[in-house]
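What follows is a short report on a single structure.
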Amino acid sequence: MAARGPARGWRLYSDAAKPEGAAQATAKEAAPEAAAEDAAAKSVSLEEFRKLETALAEKDAKIKELKDAYLRSLADAENIRNRSKTEIENTKAFAIQKFAKDLLDTADILELALRHVSKEALTDAAANKPLVDLHAGVDMTMSSLLKTLERHGVESFDPLDKPYDPNTSHALFQAPIPGKTPGTVFVVEKRGFTIKGRVVRPAQVGVVVDPSGN
């Protein structure tokens with residue numbers, strides 16, 4: 001069968017065949033719409049930018065607030081650890097306080113025994129050998145006891161010839177002593193003891209007084 005040609009009276013056109021004037025008219029009609037869409041896009045973008053900027057500022061403020069709270073929490077935790085450590089150390093240091101006070105009576109007795117042996121008796125070691133040996137044994141026991149107390153934080157102090165301090169010593173009596181400065185300790189009846197700088201028992205002393213009463 002033979003191919004049929006275009007029907008009579010029909011005309012075929014393509015887009016490529018449009019006149020140049022028609023294309024320009026279409027472009028002119030589309031330009032205002034494109035410009036409006038571009039302006040709207042720019043307007044929306046600026047508004048969104050401002051919203052994002054505000055949200056970012058709020059988030060920065062929140063982060064700063066959380067960071068400050070975190071740092072405060074760390075500082076509080078460190079303070080609690082330090083306080084707990086100090087309390088534990090103090091508890092350990094003062095746990096033996098009662099036991100140490102009981103031992104102080106033993107130390108006083110040993111020291112009193114040593115004082116009651118005259119220097120003259122110790123000088124003649126051949127004639128007084130038993131006494132000299134006993135004195136040496138008591139002195140070694142006294143020294144060992146004081147060292148044991150020191151290992152556990154209990155230290156003794158002797159304020160002889162030092163200014164009288166009512167915070168660390170208890171004045172049993174006062175007397176004018178020639179050649180001694182008034183207000184100083186001239187005799188120590190019992191030495192004092194401390195635990196970590198805290199007075200467990202004050203020294204019991206005699207204090208020099210001014211004969212004129214000044």
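Source: prediction; values computed, not measured. Below, all heavy atoms of this structure are taken into account, side chains as well, without hydrogens, waters or symmetry copies.
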Is [Y] reachable from [X] through a run of hydrophobic residues whose side-chain heavy atoms are each under 4.5 Å from the next?
X: F157; Y: V200; answer: no
X: F173; Y: V208; answer: yes
X: I88; Y: I80; answer: no
X: M140; Y: V117; answer: no
X: F193; Y: L110; answer: yes

I'd like to check [X] versus [Y] (side-chain heavy atoms, cut-off strictly below 4.5 Å). Are they in contact?
X: V209; Y: P182; result: no
X: D161; Y: K180; result: yes
X: M142; Y: L114; result: yes
X: H135; Y: L122; result: yes
X: K62; Y: E65; result: yes
X: L103; Y: L149; result: yes

(Q) Please give the remaining members of the hydrophobic cluster of V207, linking ILVMFWY side chains under 4.5 Å, ordered by chain and number. (A)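 Joined to V207, directly or through intermediates: L160, Y164, V185, V188, V205.
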**Q.** All pairs passing side-chain hydrogen bond (donor to acceptor under 3.5 Å, both in side chains) where residues 181-193 contributes a residue, at least two apart
**A.** E111-R191, S156-R191
**Q.** Pairs involving residues 139-148, ordered by first then second residue, that meet side-chain hydrogen bond (donor to acceptor under 3.5 Å, both in side chains) (sequence neighbours left out)
**A.** T148-R151
Q.
Can you give me the closest heavy-atom contact between P176 and P211, atom names plus distance?
A. CB-CG, 3.7 Å
Q: Check S169 against P159 and note the closest heavy-atom contact, atom names and distance.
A: OG-CG, 3.8 Å
Q | Whether over 12 other heavy atoms sit under 6.0 Å from R50 CZ | A |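 Count not over threshold, so no.
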Please report the interatomic distance [atom1]([X]) to [atom2]([Y]), rounded to the nearest 0.5 Å.
X: D60; Y: I63; atom1: CG; atom2: CD1; result: 5.5 Å
X: T54; Y: K51; atom1: OG1; atom2: NZ; result: 10.0 Å
X: H152; Y: I195; atom1: NE2; atom2: CD1; result: 11.0 Å
X: E78; Y: S73; atom1: CD; atom2: OG; result: 13.0 Å
X: N79; Y: L74; atom1: CG; atom2: CG; result: 11.0 Å
X: L172; Y: Q204; atom1: CG; atom2: CD; result: 5.0 Å

Q: Verify salt bridge (Lys or Arg N to Asp or Glu O under 4.0 Å) between R72 and D68, making sure each step is shown before the conclusion.
A: CA-CA 6 Å; R72 284 196 299 270; D68 292 341; 5.1 Å; no
**Q.** Residues D108 and R201 bridged, charged N to O under 4.0 Å
**A.**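 Yes, D108 and R201 are salt-bridged.
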Q.
I'd like to know whether R198 forms a side-chain contact (heavy atoms from CB on, under 4.5 Å) with Q97, so could you lay out the CA-CA distance, the side-chain angles of the two residues, the decisive distance to 0.1 Å, and finally the verdict.
A. CA-CA 11 Å; R198 176 180 173 182; Q97 181 170 334; 4.3 Å; yes
Q) Can you tell me if H170 uses its side chain to pair, donor with acceptor, with the backbone of P166 under 3.5 Å? A) no
